[in-house]
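See below for the structure under consideration.
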Amino acid sequence: MAVDVPLRRLFDYRCPSGVDAALLQPGQRLWVPFGRQRVAAVLVELASSSTVPEAKLRSATALIDETPVLDPSLLELLLWSAEYYRHPPGEVLSAALPGALRTGAAALETAEHWTLSAAARTGELPPLSPRAHKLRELVEWLQRHEAADEAALGALSSRWRDHLRELEKRGWVRRLQVTPPAAPRVAVAASAGPEPTPEQRDAIEAIAAAAGRYAPFLLHGVTGSGKTEVYLRAIDAVVQRGQQALVLVPEISLTPQLVARFAARFAVPLAVLHSSLTDVERLRAWRAARSGEAPVVIGTRSAIFAPLANAGLIVVDEEHDASYKQQEGFRYSARDLALARAQRLSIPVVLGSATPSLESLERAQSGRATLLSLPGRTGGAKPPAIHLIDLRRHAATQGIATPTVLTIKRHLDAGGQVLLYLNRRGYAPTLFCPSCGWAAPCPRCDARLTVHRRDGRLHCHHCGTEQRIPELCPTCGDATKPVGQGTERIEETLASLFPDVALERIDRDAVRKRGALEAALDRVTSGEVRLLVGTQMLTKGHHFPDVSLVVVLNADQGLFGTDFRASERLAQSIVQVAGRAGRAERAGEVLIQTEYPEHPLLAQLISGGYDAFAAAALEERRAASWPPFARVAVLRAEAARSDVPMEFLERAREAANALAVRGVEILGPATAPMERRAGVHRAQLLLHAPSHSPLQRLLARWIPTVEELPEARKVRWSIDVDPLELF
Ligand SMILES: [Zn+2]
Ligand SMILES: [Zn+2]
């Protein structure tokens, strides 16, 4: 049995009494005693013997499900993932179930009905007192009817629940759980989309031709090339065949337009799964996916575990997006699991992006996926012209260089919209004292506090610490000043430069309230707002048809990152945000401000676009032997005392060396670049291997010994296989 506890093992139980063991199936839930609790656990395997001594083997108490909540294919995928990511199987299986099911709720939608008990019908019970009018009335009514539901009983009496409880206690009635009939399938009446271009048609046909077998596709289409139309047509074909399509999107709240487009296109129920659903909503969507009632299932990362009655296709939109990798607990990649799941189901899987991950590009280059290209924008829109602005040569007003200001003015005068991108929220990244050099530090991190003007406070973006902004420097008593730019400050600067132009800021602080993002986006698309400043949020899938100029205010944050993926992420952000410009008839313009205009990454992006960058970046990865040309895993540790994580990692390293698996290199331990975060000290050990199998061979034997180290009890540790970030 898989029990939802942080232990990398399964647990043995006896079959519950009164249940025929031959009828049990893996994937069913049972109530089991665990310690002093009773928990819902998932049956993984039936065994005829156990290593647990006879006297200690406990019995499961009851069977919860008639039919398994996890079908054999999904169960197998989950158990494989637990092995691959070295995560406790009980927690992995739990991640695949809606919260309500983890605590034993019914997997099928049932309604309670009441009927007279057999004893009541045969007259074996002592008669009810003549004074118990209400009870007698109910019994008489039930004698005339087969069974009654809530609605029928509610019509008889307002206190029917009390009366029934009393009758149940005396043995007169019993409850029945009735499964309502499935909702009738709605005929597909897809509203016709635009006529596909020849490239779109080729892609749609290639996906359709792969029906019924495992076929991974990389759909690489520049922004505005109509990837979504390819998804919609491929899904339409699947739905017409009576099958289901599973669509993964990075973040529902950031892609309301995409969901709306799906809803408008298909006249069938959509099951939507994302993190802000209530338990009830989530269970309902899960059931609709499982019963097949919803032919289209759309959701964020964890929707990769949605049950499907009859799967025909998986689509992963914006497959390069970092949100597909879970960064804590069960550290899986939904993008990678989409491939694994499609393989098990023998169905095609489409990974789509304007800026594919280097992993996916390499997969296509090596022939392990089919590349489908949409090189041009639909409707004849021209790609934007990109220019660099050298920040060393031009005077800047609070982070906006003079040529940039002039270009913004030109676009506004011509009636265009302008989008400014800066991936740093708040007012300024530092509060600095020019007299003594003090810079407001976070008391819990090796980091500086960010100045937020709106609420007049200093915020730590790493641990959430907040402080009042001190009026004077706490060290020397002189006046302090905010240094550098965040989106709040850019908003202020723009307001003073263009006082008559309506302005909107979109970042996590500005659109905190529910519905605020949609409202802000509406003001932009309606043309009410002409200037738009925002963070990473702006790079995600929104369509701004009238934006004619995009300004990347600071490209330098990612140029010299310590992480091997830093340049890939920077290139993706720049290309994604640049893609917001000039989507309609108007050709767009993009300005990138930098202090390093001669940097090869920027040069490649400008001369050859994302493809040229990706080709060069893949060569670099190959030369340096980084993923996708190697496999890595990271053992991270943290503790309040600074020496403890390093001690643990040293012991872990010795244990790994003792296993001597050929090909696996062990690097470190090393402290994190920001060693202290939220009051804890962090360090890590990096495992590097030329391929998947030696790394997995080592992990399989090593993690159990790491778990047993005495030092392991003094730290919080985790293993991250295929990490997205090294720290
Ligand atoms: Zn000072
Ligand atoms: Zn902090």
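Atoms within a ligand are numbered from 1 in the order they appear, just like the ligands themselves. FYI, the numbering just counts along the sequence from 1. In what follows, every heavy atom counts, from backbone to side chain, and hydrogens, waters and symmetry copies are set aside.
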Does a side-chain heavy-atom distance below 4.5 Å link L431 with L449? no

Do the ring centers of F330 and H87 come within less than 6.0 Å of each other? yes

Once rounded to 10°, what is the value of the angle centred on the Zn ion (ligand 1) between C436 SG and C473 SG? 110°

Do other residues, nucleotides or ligands put more than 12 heavy atoms under 6.0 Å from R448 CZ? no

Let me know which of D317, L351, D321, I304 forms a side chain to side chain contact (heavy atoms under 4.5 Å, CB included) with L248. I304

Do you see an N/O/S atom of H461, backbone or side chain, under 2.8 Å from the Zn ion (ligand 2)? no

Is the distance between the Zn ion (ligand 2) and the nearest N/O/S atom of C445 smaller than 2.8 Å? yes

